[in-house]
Amino acid sequence: MKKSIIAVLAVSAISTLGSSAAFAHEDYSEGGALHWLEHVQARASSPTERELATYGYASNATPSRTVIVNADTRYINVTRLETVALKVGDKTINWTFDTLGTNSFPLSKVVQGGDKVTVYLEESPLYRSGS
């Protein structure tokens with residue numbers, strides 16, 4: 001009796017979730033009834049591209065300031081999670097320095113033309129203890 005109730009609930013749950021647009025695509029696998037679980041498990045365990053980015057990421061956020069990098073620039077100071085417009089030559093990129101655990105790195109890891117420039121990160125006020 002318990003097995004039949006569990007089976008009915010499982011089929012009901014699978015049919016309800018299986019019809020969701022989030023998982024809508026052709027399924028040619030043998031285990032098609034449980035195929036949607038693969039999607040849920042893959043997303044739960046797969047980090048996003050931003051989470052994998054060691055030095056931060058290009059951003060559409062409004063920068064807090066513009067930093068001009070030229071031949072005389074040897075370092076820049078930024079705050080962790082700050083978005084800065086980096087102007088190198090005739091190119092500008094908005095960069096968010098999302099760099100948990102990184103205190104400094106070569107700017108060339110982020111943008112071409114950043115050779116011989118070191119980025120120094122100050123901790124974000126959001127993460128300072130006692131603030």
Side-chain angles (χ1 to χ4, degrees):
M1 179 86 165
K2 279 188 175 182
K3 287 183 182 180
S4 63
I5 292 173
I6 293 172
V8 169
L9 290 174
V11 170
S12 175
I14 289 169
S15 64
T16 300
L17 292 173
S19 65
S20 168
F23 305 113
H25 67 280
E26 293 296 323
D27 179 13
Y28 300 106
S29 66
E30 290 180 28
L34 298 176
H35 182 72
W36 65 273
L37 279 176
E38 292 176 24
H39 289 280
V40 173
Q41 290 171 345
R43 177 58 201 115
S45 63
S46 301
T48 66
E49 186 176 339
R50 284 186 177 179
E51 291 169 339
L52 291 172
T54 306
Y55 306 107
Y57 49 88
S59 176
N60 290 329
T62 302
S64 61
R65 60 194 170 109
T66 299
V67 174
I68 299 171
V69 177
N70 57 37
D72 296 328
T73 308
R74 294 293 167 245
Y75 65 91
I76 61 172
N77 294 315
V78 297
T79 302
R80 201 172 319 276
L81 299 178
E82 179 181 17
T83 300
V84 175
L86 297 170
K87 183 169 175 45
V88 182
D90 61 348
K91 296 183 181 181
T92 302
I93 182 172
N94 291 349
W95 194 263
T96 299
F97 291 90
D98 188 356
T99 58
L100 187 61
T102 304
N103 295 322
S104 66
F105 63 90
L107 184 61
S108 60
K109 299 282 187 180
V110 170
V111 62
Q112 286 184 335
D115 304 331
K116 300 180 183 177
V117 178
T118 301
V119 177
Y120 293 102
L121 292 126
E122 179 181 334
E123 192 57 64
S124 169
L126 298 173
Y127 296 114
R128 288 188 192 134
S129 60
S131 297

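One-based numbering along the sequence shown.
- Applying the side-chain contact (heavy atoms from CB on, under 4.5 Å) test to Asp90 and every residue at least two apart in sequence or in another chain returns nothing.
- Taking both residues in full, the closest heavy atoms of Pro63 and Ala85 are given as CB-N, 3.4 Å, listed atom of the first, atom of the second, then distance.
- Distance check, rounded to the nearest 0.5 Å: CD1 of Ile76 to CD1 of Ile68 gives 12.0 Å.
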Steps toward side chain to side chain contact (heavy atoms under 4.5 Å, CB included) verdict (Val110, Phe105): CA-CA 9 Å; Val110 170; Phe105 63 90; 3.4 Å; yes
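- Not a single donor-acceptor pair under 3.5 Å links the side chain of Arg80 to the backbone N or O of Ser124.
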Would you be so kind as to tabulate the donor-acceptor pairs closer than 3.5 Å made by side chains of residues 111-121, with sequence neighbours excluded?
none

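- Atoms OG1 and OH, from Thr99 and Tyr57 in turn, are 10.5 Å apart once rounded to the nearest 0.5 Å.
- To the nearest 0.5 Å, the span separating CG on Asn77 from OG on Ser104 amounts to 10.5 Å.
- Atoms OH and CZ, from Tyr55 and Phe97 in turn, are 12.5 Å apart once rounded to the nearest 0.5 Å.
- Annotation: ring pair (Phe, Tyr, Trp, His ring centres under 6.0 Å) contacts involving residues 62-94, sequence neighbours excluded, are absent.
- Looking at residues two or more places apart in sequence or on another chain, you find no side chain to side chain donor-acceptor pair (under 3.5 Å) involving Thr92.
- For Ala61, the side-chain contact (heavy atoms from CB on, under 4.5 Å) partners two or more places apart in sequence, or in a different chain, are Ser59, Thr83.
- Arg65 pairs by the salt bridge (Lys or Arg N to Asp or Glu O under 4.0 Å) definition with Glu82, not counting sequence neighbours.
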Stepwise side chain to side chain contact (heavy atoms under 4.5 Å, CB included) check, Leu107 with Leu86: CA-CA 10 Å; Leu107 184 61; Leu86 297 170; 4.0 Å; yes
